[in-house]
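Inspection log for the structure reproduced underneath, given as C-alpha cells.
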Amino acid sequence: MPVNVLLTFIIGSALAWILIKITKAPQHLQSLIIGSCAAGNLGNLLLIILPAVCDEDNSPFGDSSVCSTDGEAYAALSMALGVVFLWTYVYAIMRLSANKATKEIDTNEYTIRDKTSEETPYSEICTEALLPSRGCPTSEEYTDQVEVPFSGCEGKAKVSFLEKAKLHLKKLFGYIDLKKLFAPSTISAIIAFTVGIVSPIRKVLIADDAPLRAIYNSVSLIGEAAIPCMTLLIGANLLRGLKRSEVGTSIVLGIIAIRYIISPLLGIVIVKAAKHFGMVGSDSLYQFTLMLQYALPPAMTVGTISQLLKTGESECSVIMLWTYVAASFSLTIWSTFFMWLVP
C-alpha cells in the first residue's frame, strides 16, 4: 500500500505537468493544478465507502463484521500515508512552483520600474554634481589594487563529485520547509502509527475497558470536526472564486479527466500487474481499496496549502466544487466496476 499511494501521487503530478503544457496554464495556477491532480482524498472518503460497501446484503467481500474491520484499517492506513506524502512530496512541488510564480511577478514589476525610470529625464533625477568621496581610491588606483593574474584553464577550480552531490542535496532540502513538513496532521499520523504498532500503548488507550479510553474518545471526537471545518474554509472562498476566477474550462475538465478517467484506468493496470507478480495477495477487499485510491477526488488539504502559499486560493474553491460534483457520479461508477473486477 505505501508503494501504491506513492504511485498515485507520482502519476498524478506527471499527468498534471502534461495538462499544464497542453492548456498553457498561468504560472500562478500551476501549483494548484499539480496539487489537485496528485493528492487524492485517501482517508475520509475511504472511511465512508468501505464500511458502506461491506454492509451491503450481497457484498462480495464476505462477512460484514470482518469486512468492516479490515476496511477501516485499510482506510486509516491510506489516510496516514496520504498525509505524509502530501506534506512531503506535494507541498514541496507546490511550493517550488509558487516560488517561480512569485519570482516571475517580481521580475515583471522590476521591468515596469526600469521602463518608467528610462522615460524620466536624467536631469530631473540628479541635480547635484557627482564628486568622488573622500578617502576612496580612483578607478585607476582601484584597478591596480584588484589586478590578479589569470592563466586560462589553470584558474578553474576543480569540484569533486562528493561536493557536487552535497550542493544538490542542500538545494533539494532547501525546498522542504521542515516546519510545514511536520504539520499537525503529519505529527498526528506519526503518533497514530506509534500507538497502533506498540501493543502496550494500544491496550491502554484503545479498548472498551482501557484505562485511558477517555483520551482516545476525546481525540476521536475532535478529529470528526476536521472535515466540516475544512469544508467551511473551502466554501468561504467559493463566492470570491465564482465572481473572479482565472481557471478556464479546459483546466477544470482536464483535472476531472485525470482524476476520474485516466488515473483509475492506470490504477487497474498497476494493481493487476502487482497481483500477477505476487506483490498483492488474493484479498478482494484489499485489491478493491488499492484500485479505489486512484479514483478519489482531490484532497481538501490542497486548499490549505494554497492558502499557506497564497496562490490560487479562490481558484482552488472552483476546482474543488466541480471535482466533488463529478465525484458523486464517478465514485459510484468506479466502485461498481471495481467490485465486479476483483475476484
Side-chain angles (χ1 to χ4, degrees), residues 5-46 82 85-86 89-98 100-101 230-231 233-235 237-268 270 291-335:
V5 173
L6 180 61
L7 285 176
T8 61
F9 283 83
I10 295 175
I11 292 173
S13 57
L15 294 174
W17 180 81
I18 296 174
L19 177 62
I20 290 171
K21 295 300 180 182
I22 293 175
T23 59
K24 297 180 180 179
Q27 183 69 42
H28 68 282
L29 293 180
Q30 292 182 8
S31 62
L32 178 60
I33 295 173
I34 294 172
S36 300
C37 294
N41 196 338
L42 293 173
N44 307 297
L45 288 179
L46 288 178
F85 288 134
L86 200 151
Y89 178 78
V90 176
Y91 176 76
I93 294 178
M94 291 182 65
R95 183 189 175 197
L96 178 61
S97 180
K100 288 183 178 179
M230 295 183 69
T231 307
L233 290 175
I234 295 294
N237 293 324
L238 184 58
L239 181 60
R240 183 175 58 178
L242 291 176
K243 287 183 177 180
R244 183 185 60 83
S245 176
E246 298 182 12
V247 179
T249 306
S250 58
I251 295 177
V252 176
L253 292 178
I255 295 174
I256 291 175
I258 288 173
R259 291 233 59 100
Y260 303 136
I261 299 176
I262 303 175
S263 184
L265 292 175
L266 293 175
I268 294 174
I270 292 171
M291 292 181 184
L292 196 61
Q293 289 173 349
Y294 290 90
L296 297 171
M300 289 187 177
T301 312
V302 174
T304 305
I305 295 176
S306 65
Q307 289 184 342
L308 289 174
L309 301 176
K310 297 180 180 180
T311 56
E313 299 175 41
S314 57
E315 289 81 0
C316 178
S317 300
V318 177
I319 292 176
M320 290 294 175
L321 170 66
W322 294 112
T323 51
Y324 274 81
V325 168
S328 60
F329 301 98
S330 65
L331 278 176
T332 304
I333 297 172
W334 283 114
S335 298

Give, for atom [atom1] of [X] and atom [atom2] of [Y], the distance between the pair rounded to the nearest 0.5 Å.
X      : Y      : atom1 : atom2 : result
Ile305 : Ile93  : CD1   : CD1   : 10.5 Å
Leu32  : Met320 : CG    : CE    : 7.5 Å
Ile33  : Ile258 : CD1   : CD1   : 9.0 Å
Ile268 : Ser263 : CD1   : OG    : 10.5 Å

**Message:** For Val90 and Thr301: C-alpha separation, side-chain torsions, deciding distance, then whether side-chain contact (heavy atoms from CB on, under 4.5 Å) applies.
**Reply:** CA-CA 10 Å; Val90 176; Thr301 312; over 6 Å; no

**Gly40 versus Ala299, closest heavy-atom pair with distance** =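 Looking at all heavy atoms of both residues, the closest pair is O-CB, 3.6 Å.
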
**Prompt:** Looking only at heavy atoms, which two atoms of Pro297 and Tyr260 are closest? And how far apart?
**Reply:**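 Answer, listing the atom of Pro297 first, then Tyr260: CB-OH, 3.1 Å.
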
**Request:** Please check if the side chain of Tyr294 supplies one atom and the backbone of Leu7 the other of a donor-acceptor pair under 3.5 Å.
**Result:**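 Pair absent, no side-chain N/O of Tyr294 close to backbone of Leu7.
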
**Prompt:** Is a donor on one side and an acceptor on the other found under 3.5 Å between the side chain of Ser335 and the backbone of Thr332?
**Reply:**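 No; zero donor-acceptor contacts below 3.5 Å.
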
**Item:** Heavy-atom check, side chain of Thr323 versus side chain of Arg259, under 4.5 Å
**Value:**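 Contact flag for Thr323/Arg259 side chains = no.
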
**Prompt:** So do Thr8 and Leu296 actually touch side chain to side chain, heavy atoms under 4.5 Å?
**Reply:**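 Answer no - side chains too far apart.
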
**Ile256, Ile255, Ile251 screened by side-chain contact (heavy atoms from CB on, under 4.5 Å) with Ser36, the one that passes** =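 Testing each of Ile256, Ile255, Ile251 against Ser36, the sole residue satisfying side-chain contact (heavy atoms from CB on, under 4.5 Å) is Ile255.
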
**Prompt:** Can you name the residues that form a side chain to side chain contact (heavy atoms under 4.5 Å, CB included) with Leu265, not counting sequence neighbours?
**Reply:**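 Scan of Leu265 (side chain to side chain contact (heavy atoms under 4.5 Å, CB included), adjacent residues dropped) gives Ile261, Trp334.
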
Can you give me every donor-acceptor pair (side chain of residues 13-22, partner residue at least two apart or in another chain, under 3.5 Å) with its distance?
unit_1, atom_1, unit_2, atom_2, d
Ser13, OG, Phe9, O, 3.1
Ser13, OG, Ile10, O, 2.8
Ser13, OG, Tyr89, OH, 2.7

